Number of protein chains: 2
Amino acid sequence: MIRLVLADDHTLFAEGVANLLRKESDFEVQGVFNNGLSALRHLEKMQSDIILLDLNMPDMDGIATLKEIKSRRLPVKVIILSMYDEENIFKSCEKEGISAYILKDADPDELIYIIREVFEDRHLLSYQRVLKQVDEDAFYDSYKKKLKLSRREIEILKLIKDGKTNNEIAEELFLSVFTVETHRKNINAKIGAKNLADLIRVALELNL
Amino acid sequence: MIRLVLADDHTLFAEGVANLLRKESDFEVQGVFNNGLSALRHLEKMQSDIILLDLNMPDMDGIATLKEIKSRRLPVKVIILSMYDEENIFKSCEKEGISAYILKDADPDELIYIIREVFEDRHLLSYQRVLKQVDEDAFYDSYKKKLKLSRREIEILKLIKDGKTNNEIAEELFLSVFTVETHRKNINAKIGAKNLADLIRVALELNL
DNA sequence: GGACAAATACAAAGTACTGGGTATTTGGCA
DNA sequence: TGCCAAATACCCAGTACTTTGTATTTGTCC
């Protein structure tokens, strides 16, 4: 059973999320609070696995609540729910040790999925992935800036990292194997990779 | 110039380390302190790149000093100097955000090398690597337990991760390329890797 | 001295990747 | 409408890896 707590001052939104979460048979929504202080009081007494924490709240905002959770070493994982996809806000939260960062207009299925990932300690925290929650274009633009890779090249690099052969990638993307080979050549050239190890290391370093 | 500070209450040891560091033309030892408080005072006033921090000190021990450095967000990288190679001590420090963890009886060349790596932000923090600083057997045993790999297999996996071909690995280890191929076969079977990409990813994820 | 794992080495056949190109089509933008 | 990047596709020759084995030697341990 995944024991969840929600802290968000937008009542309608919070109830909406809580109702969504209650539909999962293995989720237990222990409480919905509209400020950080109440949420903290709950966490001090109850065993909870995950708190979904809005950033903007009265009495004690999300960041302050997060810091308090961390400084008291409360054994709860923190998922930030945020309106903002700005990198500096993300990085502030990341620095404080969050487990995940979810945009408020992300897909409900994605929310559920990320909660499970966090519970199982296999969620990968990365800004690009946050961007991708609602804006695939922003996701790809982020890599474009970093590596000068096109959208297709990024897709292919991810599959290379996952251990797929050129034939498998061609099948999966409905392309010719020759196309995949040319993309790989171009990716190698852009990244300056001399071999597969270089490609995979770069992909992992970027949390692709 | 790498600006260094040393905090260690064993005077002779500290002077020994400081003298070693002063031999490097690009190292500047700004101060040697025998307790955490003095070191902190220094760091508040001076720009330093790296502090070498002993764990056991009077007035303020290493962990407390480390936490203070982090909570005040002092812009200095922390290298722990420790007598202990126990994993829980390592993990406590890792959690607080250290850049490196060096055993006190590690090789002097290794100390110098790690300082440079830290300064250039390319040191990889991992418990296995700490073990290897003085006890290669412990290093290999650690992977043996995790992956059931023999010493030679680990060596070869590391070189695969570095992008070397079978021929290059054979040359480097003074082996026949056939031997390397057989070892690879065995590594693949033990790890459950389907291909080179899988091998590289596992090696990277384990900080090999 | 025997058992056993590790290490070493060999080899054929097949699959996969790389490096060197070339070429055409498509989509976006000024 | 033209330009340009992205995307697609093709191809040859070469290198590298994988799969399927087999075999011997060495070192450690009981």
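No experiment lies behind these values; they were computed from the predicted model shown. Proteins come first, then strands; the chains are lettered A, B, ... in the order of their sequence lines, and each starts at number 1.
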Any Lys/Arg nitrogen of [X] or [Y] sitting under 4.0 Å from an Asp/Glu carboxylate oxygen of the other?
X	Y	answer
B/Arg152	B/Glu155	yes
B/Lys77	B/Glu120	no
A/Arg3	A/Glu28	no

Within this structure, what is the [atom1]-to-[atom2] distance between [X] and [N], rounded to whole angstrom?
X	N	atom1	atom2	value
A/Asn166	D/dA16	CG	P	17 Å
A/Leu173	D/dT8	CG	P	8 Å
A/Glu153	D/dA5	CD	P	13 Å
A/Ile156	D/dA6	CD1	P	14 Å
A/Lys148	D/dA5	NZ	P	13 Å
A/Arg152	D/dA9	CZ	C1'	13 Å

Worksheet item: Any chance CD of B/Glu205 has more than 12 other-residue heavy atoms, nucleotides or ligands included, within less than 6.0 Å?
Response: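 Yes.
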Discussion item. Atom CD of residue position B/Gln47 - does it have more than 12 heavy atoms of other residues, nucleotides or ligands inside 6.0 Å?
Written reply: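 For B/Gln47, atom CD is not crowded (no more than 12 foreign heavy atoms under 6.0 Å).
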Discussion item. Please give me the minimum heavy-atom distance between B/Val118 and B/Ser99, naming the atom from each residue.
Written reply: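 It is CG1-CB, 3.7 Å.
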Item to complete: For side chain to side chain contact (heavy atoms under 4.5 Å, CB included), just list the numbers for B/Leu111 and B/Leu81, CA-CA rounded to whole Å, side-chain angles, deciding distance to a tenth of an Å, and then say yes or no.
Response: CA-CA 10 Å; B/Leu111 175 62; B/Leu81 287 177; 4.2 Å; yes
For residues [X] and [Y], determine if any side-chain heavy atom of one lies less than 4.5 Å from a side-chain heavy atom of the other.
X	Y	result
B/Lys161	B/Leu204	yes
B/Asp198	B/Ile191	no
A/Leu52	A/Ile115	yes

Worksheet item: Near DNA chain D, which residues from residues 175-190 of chain A have a heavy atom under 4.0 Å away?
Response: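 By residue number: A/Leu175, A/Ser176, A/Phe178, A/Thr179, A/Thr182, A/His183.
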Practice prompt. Give me the residues of residues 193-204 of chain A where at least one heavy atom lies under 4.0 Å from an atom of DNA chain D, by number, or none.
Written response: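 Contacting residues: none.
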Item to complete: Provide the start and end nucleotides, 5' to 3', of the part of DNA chain C that has atoms under 4.0 Å from heavy atoms of chain A.
Response: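 Contacts span C/dA16 to C/dG21, reading 5' to 3'.
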Worksheet item: Relative to each other, are the rings of A/Tyr101 and A/Phe90 parallel, tilted or perpendicular (30° and 60° limits)?
Response: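 Aromatic pair A/Tyr101/A/Phe90 classed perpendicular.
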